[in-house]
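In this chain, numbering begins with 1 at the start of the sequence shown. Values below: all heavy atoms of this structure, side chains included; hydrogens, waters and symmetry mates excluded.
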Amino acid sequence: MRVYKDEHFAELYCNQCGKPMKVENEIIKEGNFAVDYRWDYFSDKDGRRHRFDLCEDCYNRLIESFQYPIDDEGYSELV
């Protein structure tokens, strides 16, 4: 969950466990999985937009519960 103060990104909390995550000068300073998804046709959520953030621990627990593992590959350019 993102908290804005005076239109500036000020605080970030994991939507799953509620852990506060470190934010400095509107920059997230730790592992964070951010979702911003707009549902399309053929779902019960047509026209809805879901946004949430997970800390790295909650993300790890989520993907460990998957029936099929995620595709995981390294890359060398970190921007």
Going by side-chain heavy atoms closer than 4.5 Å, which hydrophobic residues are tied to Met1, directly or by a chain of links?
-> Val3, Tyr13
Are any non-hydrogen side-chain atoms of Asp53 and Arg2 less than 4.5 angstrom apart?
-> yes
Using a 3.5 Å cut-off and no angle test, enumerate the donor-acceptor pairs between side-chain atoms of residues 57-73 and protein atoms at least two apart in sequence or in another chain.
| from | atom 1 | to | atom 2 | distance (Å) |
| --- | --- | --- | --- | --- |
| Asn60 | ND2 | Glu56 | O | 3.3 |
| Ser65 | OG | Leu62 | O | 2.6 |

Taking distance alone, no hydrogens or angles, what donor-acceptor pairs closer than 3.5 Å link side-chain atoms of residues 17-28 to residues at least two apart or in another chain?
| from | atom 1 | to | atom 2 | distance (Å) |
| --- | --- | --- | --- | --- |
| Lys19 | NZ | Glu30 | OE1 | 2.8 |
| Lys22 | NZ | Glu24 | OE2 | 3.3 |
| Glu26 | OE1 | Phe9 | N | 3.1 |
| Glu26 | OE2 | His8 | ND1 | 3.1 |

